[in-house]
There are 2 protein chains.
Amino acid sequence: MTLSEENYLKAIYHLGDVHDGGISTNAIAEQMNTKASSVTDMIKKLSEKGLVHYKRYKGSELTEKGTLVAANIIRKHRLWEVFLVEKLNFTWDEVHDVAEQLEHIKSEKLINELDAFLGFPKHDPHGDPIPDKDGNVSNKLGKLLITLNKNDRGIIVGVKDSSSSFLKYLDKQGIALGKKIKVLDKEPFDNSMKIRIKKEEFMISQQIANNIYVKLSPEA
Amino acid sequence: MTLSEENYLKAIYHLGDVHDGGISTNAIAEQMNTKASSVTDMIKKLSEKGLVHYKRYKGSELTEKGTLVAANIIRKHRLWEVFLVEKLNFTWDEVHDVAEQLEHIKSEKLINELDAFLGFPKHDPHGDPIPDKDGNVSNKLGKLLITLNKNDRGIIVGVKDSSSSFLKYLDKQGIALGKKIKVLDKEPFDNSMKIRIKKEEFMISQQIANNIYVKLSPEA
DNA sequence: TTAAATTTTTAGTCTAAGCTAAAAATAAAA
DNA sequence: TTTTATTTTTAGCTTAGACTAAAAATTTAA
Ligand SMILES: [Mn+2]
Ligand SMILES: [Mn+2]
Ligand SMILES: [Mn+2]
Ligand SMILES: [Mn+2]
């Protein structure tokens with residue numbers, strides 16, 4: 001597995017999460033910040049190796065083997081993110097780029113020991129589930145904040161966008177995993193929301209509400 | 001800095017430690033397990049970048065800048081080795097290959113936080129000194145066991161060879177860093193030695209004695 | 001159902017980093 | 001000081017991975 005092959009598998013895996021069925025060549029190209037022609041070449045190679053199913057003009061899909069490899073890379077990525085936050089004082093907006101590098105380190109023992117060292121965490125600092133050794137992943141916790149109704153309460157359990165800029169915005173607003181949140185009002189015109197977190201009340205745009213996962217508290 | 005460039009700098013750095021003056025192209029090729037022609041190409045590139053001094057047919061030497069880069073990679077390598085042994089239950093014969101990968105991860109913050117997390121260690125699991133951020137390295141502790149005389153005592157502080165096979169041999173004999181050692185006898189014919197470690201007395205060959213560093217205890 | 005637009009693939013280049021074989025420079029031996 | 005041996009460099013090829021431009025297939029629109 002070269003670094004590039006691993007990154008393609010990961011990209012296809014992530015795209016497959018949402019859009020199921022064959023993943024288009026263009027979609028992969030966009031995700032990878034590369035050109036469709038490069039994707040075609042790589043897809044062919046991955047197909048040769050039995051990691052993706054591919055038929056000309058029909059898009060790609062990971063094989064079982066490919067899925068396992070991808071899940072393993074994501075497992076490594078997320079475990080490293082936990083390590084960086086829990087042990088090395090990184091903030092949640094600083095970890096992704098470093099994890100992009102660390103995820104390619106090859107050592108079974110390393111990752112299993114790291115897992116144990118961290119106490120077998122189930123979620124990374126963004127609330128994303130950590131796959132187990134066999135590639136099994138639990139579902140993402142919670143539902144999108146945007147889908148909650150007026151007066152619903154819950155706990156923030158994850159973010160969809162984990163770009164540094166978004167996370168920094170959340171920090172500024174005091175929005176973090178584990179915080180209690182209540183929907184005070186929804187504005188139908190622009191889908192903005194008024195919310196309360198720790199006695200602070202403020203407005204957030206649709207954009208924001210669409211990128212935060214909340215676990216609903218049972219009705220009182 | 002590509003991965004390959006970093007490995008060349010490291011190789012030249014290590015060769016320069018022993019053999020000072022210009023490092024021959026062949027020496028680099030051997031160290032890197034590659035061909036002299038490939039080395040010539042790379043040396044030219046590194047020279048362009050101001051990382052090595054190079055004149056055709058005259059051998060190579062790191063510039064100040066090149067030395068700093070190399071020392072930094074070695075710093076990372078050795079800090080990761082400490083991490084693996086101290087935190088992740090690796091043995092000293094298991095760490096090198098993984099550290100060869102980890103040393104190329106690029107993040108200032110990562111390495112500085114790791115350093116702090118480990119309590120600013122001064123030596124790696126093989127007794128090698130860890131360079132500081134500015135590339136300063138303290139001297140290797142101790143002298144080679146082979147140079148000790150009959151009845152000399154000391155403490156084992158390092159190994160010269162850190163191949164897995166050598167380290168496993170040492171484990172089997174109960175030879176480890178920090179152990180007290182006494183030279184009971186030297187055999188001039190084959191340069192073997194009779195030694196005592198923790199009440200165990202046994203013979204070691206010249207080969208072995210030439211790869212262990214000992215800090216001499218002051219005479220009684 | 002033909003025509004236009006879009007997507008995907010192919011063909012041909014480019015660069016980094018290897019390699020082999022041959023040429024050139026340097027070092028060692030006669 | 002020639003001759004011979006060794007070291008180093010050059011020249012030319014190879015592979016992975018990316019790119020551009022053109023061709024082919026598929027999809028959408030007329
Ligand atoms: Mn991430
Ligand atoms: Mn994450
Ligand atoms: Mn090492
Ligand atoms: Mn070491």
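For clarity, every value in this text was computed on a predicted model and none was experimentally measured. Lettering of chains follows the sequences in order, A, B, ..., and the numbering in each one begins at 1.
In this model, the phosphate group of D:dT10 is approached by a side-chain N or O of B:K44 to a distance below 4.0 Å at OP1 or OP2. Taking only side-chain nitrogens and oxygens, A:N26 never comes nearer than 4.0 Å to OP1 or OP2 of C:dT6. Considering only side-chain N and O atoms, B:T40 lies under 4.0 angstrom from the phosphate OP1 or OP2 of D:dT9. At C:dT20, one or more side-chain N or O atoms of B:K35 fall inside 4.0 Å of OP1 or OP2 (strictly under the cut-off). For B:K58 and D:dT8, the shortest distance from a side-chain N or O to OP1 or OP2 is not below 4.0 Å. For B:R56 and C:dT26, the shortest distance from a side-chain N or O to OP1 or OP2 is not below 4.0 Å. In this structure, A:Y8 reaches the D:dA18 phosphate: one of its side-chain N or O atoms is under 4.0 Å from OP1 or OP2.
At a threshold of 4.0 angstrom between heavy atoms, the contacts of B:T25 are confined to the sugar-phosphate backbone, with no base atom among them. Here B:S4 lies in heavy-atom contact (under 4.0 Å) with sugar-phosphate atoms only. Among the heavy atoms of the strands lying under 4.0 Å from A:S38 is at least one base atom, whether or not backbone atoms are also near.
A donor and an acceptor atom, one from each side chain of A:H96 and A:H77, are located under 3.5 Å apart.
Applying the side-chain hydrogen bond (donor to acceptor under 3.5 Å, both in side chains) criterion to B:D93, with sequence neighbours excluded, gives B:T91. Contacts of A:Y8 classified as ring pair (Phe, Tyr, Trp, His ring centres under 6.0 Å), with partners at least two apart in sequence or in another chain: none.
Shortest non-hydrogen contact noted between A:H126 and A:S162 is CD2-CB, 3.6 Å.
With respect to the salt-bridge test (charged N to carboxylate O, under 4.0 angstrom), the residues B:E5 and B:K49 qualify.
Atom CG in B:N33 sits roughly 13 Å away from atom C1' in C:dG18 (whole-Å rounding). The separation between A:I43 atom CD1 and C:dT10 atom P is 13 Å, rounded to whole Å. Atom P of nucleotide D:dT14 and atom CG of B:D41 are separated by 16 Å, given to the nearest angstrom. If you measure from atom CG of B:L3 to atom C1' of C:dT15, you get 17 Å, rounded to the nearest angstrom. Rounding to whole angstrom units, CE of residue B:M32 and P of D:dT8 are separated by 16 Å. Between the CE atom of B:M42 and the P atom of C:dT15 there is a distance of 16 Å, given to the nearest Å. Rounded to whole Å, the distance from CD on A:E30 to P on C:dT7 is 11 Å. Distance A:N7 CG to D:dA16 C1': 15 Å, rounded to the nearest Å.
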### Message
If you apply the rule side-chain hydrogen bond (donor to acceptor under 3.5 Å, both in side chains), what do you find for B:D124 with B:W92, and how did you get there?
### Response
CA-CA 9 Å; B:D124 82 0; B:W92 68 342; over 6 Å; no

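Between the side chain of B:S37 and the base of C:dT20, at least one donor-acceptor pair of N or O atoms lies under 3.5 Å.
Comparing B:K55 and A:E5 against DNA chain D, the residue whose closest nucleotide sits nearer the 5' end is B:K55.
Checking C:dA24, C:dT9, C:dT20 against the side-chain heavy atoms of A:Y57 singles out C:dT9 as nearest.
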